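Only one structure is covered here, and it is reproduced in the block below.
Nothing here was measured: the structure is a model prediction, and the numbers come from that model. Every chain is numbered from 1, with letters handed out A, B, ... down the list of sequences.
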Protein chains: 4
Amino acid sequence: MYTRALKDKRSETMNRIIEAATAVFADVGYSGARVDEIAKKAGVNKATIYYHIGDKEALYAQVLHDVTGDAADRIEENVEGAKGPAEKLKRYFEAIVETVDEHPSLAPLMMREVASGGQNVPVVIAQDLMRIYAMLLQILEAGAREGVFIPANTLVAHLMFLGPLIFYKNVEATWKNNQTFADLFARLDEEIYQGMGAEIAASGSEEILRLTLRALLKG
Amino acid sequence: MYTRALKDKRSETMNRIIEAATAVFADVGYSGARVDEIAKKAGVNKATIYYHIGDKEALYAQVLHDVTGDAADRIEENVEGAKGPAEKLKRYFEAIVETVDEHPSLAPLMMREVASGGQNVPVVIAQDLMRIYAMLLQILEAGAREGVFIPANTLVAHLMFLGPLIFYKNVEATWKNNQTFADLFARLDEEIYQGMGAEIAASGSEEILRLTLRALLKG
Amino acid sequence: MYTRALKDKRSETMNRIIEAATAVFADVGYSGARVDEIAKKAGVNKATIYYHIGDKEALYAQVLHDVTGDAADRIEENVEGAKGPAEKLKRYFEAIVETVDEHPSLAPLMMREVASGGQNVPVVIAQDLMRIYAMLLQILEAGAREGVFIPANTLVAHLMFLGPLIFYKNVEATWKNNQTFADLFARLDEEIYQGMGAEIAASGSEEILRLTLRALLKG
Amino acid sequence: MYTRALKDKRSETMNRIIEAATAVFADVGYSGARVDEIAKKAGVNKATIYYHIGDKEALYAQVLHDVTGDAADRIEENVEGAKGPAEKLKRYFEAIVETVDEHPSLAPLMMREVASGGQNVPVVIAQDLMRIYAMLLQILEAGAREGVFIPANTLVAHLMFLGPLIFYKNVEATWKNNQTFADLFARLDEEIYQGMGAEIAASGSEEILRLTLRALLKG
DNA sequence: GATGAATGAGGGTTCATTCAT
DNA sequence: TATGAATGAACCCTCATTCAT
């Protein structure tokens, strides 16, 4: 497994730094992140970060790659064993869910990255993303050829799943961690607030998977 | 129309400031934005911003409200005239598409806001969001009662449409404006790059609408 | 009377500005004062101050002169009627007490001015101060000649009275207006706090006058 | 000795910063002081001040405490060895003179602090001041019990000495350092100017001590 | 490998002052 | 006479980065 292998290869200090950086970047974004805070959270001196990894940008790239690289690996492994485009598609989505569940920081990181138009995405990350996208392309093409999928724009198909999932994960995390925001809603309309809470509690990932397949599969 | 009325009521200077701020916040996020740059882009002295609006946070709130308030207004107007839940749902989604098309900054702004967990969302914005969400709630409930929609988690239903749309709009903008990023893809795999370009060119919004309705409507 | 005559000669607006400025300068000093706050307190637009009086420095000079000019006038009037150096000295001190009582801002203004070494004292103020000092000089010289005073350094004699008085007035005002500070003392030592409060309540001015005369008069 | 021990314990940089800050605050007061100037005077980068001490307010507190803490220590040491209230009182005053002489900035700092009503006095300073005041209280009470002092308001007694001394020190410093002000007087009245200069040159502290004791001691 | 100290380059905000009306 | 709007010049503070140890 990508993640674990990586962690074993790296020094304790490195791991602590990356972990802390991941959390902070996910929480407040690249420009919002303070190297000071990352160092403090990692329990190391600020200069140590520079010694081991380099400047803020390099640190950010490292964080992103840790997550996107793992995602690509997982999807690859998952899809490989499946038979037929429909099954492959399902496995593809499930691998993404798995990754997102294991890396709670992936959702916010990706949202911000998309929002900023990948202005600073390093090549490594672009490669990871392309690996992921190429796999979907193959699956959808095979499915169209075999007539199990409705004809659809590949990019849109991808986003039909990724979009709701990432949004949902963020909303879920916000609802759980950020009491301020939930309280705001509670104060505005208690009933809607209750209903929203209930819906967030129900596993959204599966629902999204169900609806997406319903949209894309024939019949 | 909300937007136009607002613009007429406000002074030239105010409008220029808000407009510039919207662009900058959308581009680089709250922490990435520099008041200096906003002022320069608006063609006013930095102090003028503080004179008219207040600090950076107030400016950001103003920018967000301008967009979310307009969205809520549009949806309301659009949905009002429609008959039956299915038609209302379609109009609801169309109003969102309309808003997103008219405010290119909405997509990145919303993504970042969702990513940051609405940590600093002022009450005004929360109210706007709730208005929007409450309308969908009513539509879906009516639809479920009348048996035209499949049973579905409301929040997920909302995100099924909003997620892909916002992602798509961001990707589209990135592809068009950020040559660096597109070039990166071109260099990695020319074929995929070409295909992606073609798919982005095709109107994604309609495709998303079609697929979302396919997922949610019965039959 | 200096003060009243001046007020009658000046426009309502001017009086309101000077009054507000006096309070603010006394409260927070020259550099601590904000023209904005003075304008707000005076109930006029900031630009009005510039129109009527001029820049911050001119405003400050005006404020100082209003108070020192009045002090000089009062002392002159008071001392004139008295017979003999001892009586004159008493009247001199009493006039100062009177002025300080009527202008609560005099004490802090003077302290700050002394602390800053009169770095920005305009000529008008210097003239006022000199008038006051020259009167004391004459009285003390006459008293020394007639043998009713002990030989003493004139400046020191002046400060023997002025110093305690100004300090006392400031301490008194602080005790009465600044609950925070008094509370601090109360928390540190309740007994000392009580005693201090009682002593401040007793009229300090008379006590100072008594002790000063005891120090300066023969016998 | 407090001051020296402190200086040894602190880093060179810290000492240079505090020293520079003391001078600047004394010269132009808290609001008049510019952190930039303090940094320049200390020969360090502005950020170094924030690194070592904190914000402007913390710096000010440090400066005040350095001086008031030393004063309290000196008085304590001085008074301890003395016998009888009269001797103790003399020693008490002498210790103050000593402190004031060693810290030329004490006089202006204290004047401004008194003028501003201790609005921002931190607890440490309040403790220092209380220590000083409590000692005088004990001495005066003992003296009153033993019949060597005339009955007097303690606070006033304190101010009878402190007031003239602090005023005198400020006037003296102004006269020596601020040629502008002296020149102003010289131009207004050459004779008074000469006399004043002569009186300032004579040691005022001793004169003040003599007169104060004359005022407070019986007989 | 790790860190405390130091800093240059801004970043947000304030403020005295001006000016068109 | 009076003012709302606008601004240049600071001012306090922060932050990514470096360096001697």
>> Counting only Watson-Crick pairs (N1-N3 plus N6-O4 or O6-N4) and G-U wobbles (N1-O2, O6-N3), all under 3.5 Å, who is the partner of E:dC15?
In response: F:dG8
>> Walk along nucleotides 15-21 of chain F from 5' to 3' and tag each nucleotide B, S or - by protein heavy-atom contact under 4.0 Å, base first, then sugar-phosphate.
In response: BBBBB--
>> Is the phosphate of F:dA6 approached by B:Thr13 (side-chain N or O, under 4.0 Å from OP1 or OP2)?
In response: yes
> In whole Å, what is the span from the CZ atom of D:Arg10 to the C1' atom of E:dA5?
Replying inline: 17 Å
>> Is the shortest side-chain heavy-atom distance between A:Tyr30 and A:Glu113 below 4.5 Å?
In response: no
>> Using Watson-Crick or G-U wobble geometry with both distances under 3.5 Å, which nucleotide pairs with F:dT21?
In response: E:dA2
>> Can you tell me how far apart CE (A:Met110) and NE2 (A:His103) are? Round to the nearest 0.5 Å.
In response: 11.5 Å
> Does A:Lys41 pair with A:Asp27 as a salt bridge, N-O distance under 4.0 Å?
Replying inline: no
>> Given E:dT7, E:dA2, F:dA6, identify the nucleotide with an atom nearest to the side chain of B:His52.
In response: F:dA6
> In whole angstrom, what separates D:Glu37's CD from F:dA10's P?
Replying inline: 14 Å
> Is the backbone of B:Ala42 close enough, under 3.5 Å, to the side chain of B:Arg16 for a donor and an acceptor to pair up by distance?
Replying inline: yes
> Roughly, in whole Å, what's the span from CZ in B:Arg16 to P in F:dA5?
Replying inline: 15 Å
>> Can you measure A:Ile17 atom CD1 to E:dG1 atom C1' for me and round it to whole angstrom units?
In response: 11 Å
> Once you round it to whole Å, what is the distance between C1' of E:dG11 and CD1 of B:Ile49?
Replying inline: 13 Å
> Expressed in angstrom and rounded to an integer, what is the separation of C:Ile38 atom CD1 from F:dT3 atom P?
Replying inline: 16 Å
>> A side-chain contact here means heavy atoms from C-beta on lying under 4.5 Å apart; do C:Val35 and C:Tyr50 qualify?
In response: yes
> Just wondering, do D:Ser116 and C:Met111 contact through their side chains at under 4.5 Å, heavy atoms?
Replying inline: no
> Taking C-beta and beyond as the side chain, do C:Leu59 and C:Phe25 meet within less than 4.5 Å on heavy atoms?
Replying inline: yes
> What's the CD1-P distance between A:Ile53 and E:dG1, to the nearest Å?
Replying inline: 12 Å
> Below 4.0 angstrom from OP1 or OP2 of F:dA6, is there any side-chain N or O of B:Tyr51?
Replying inline: no
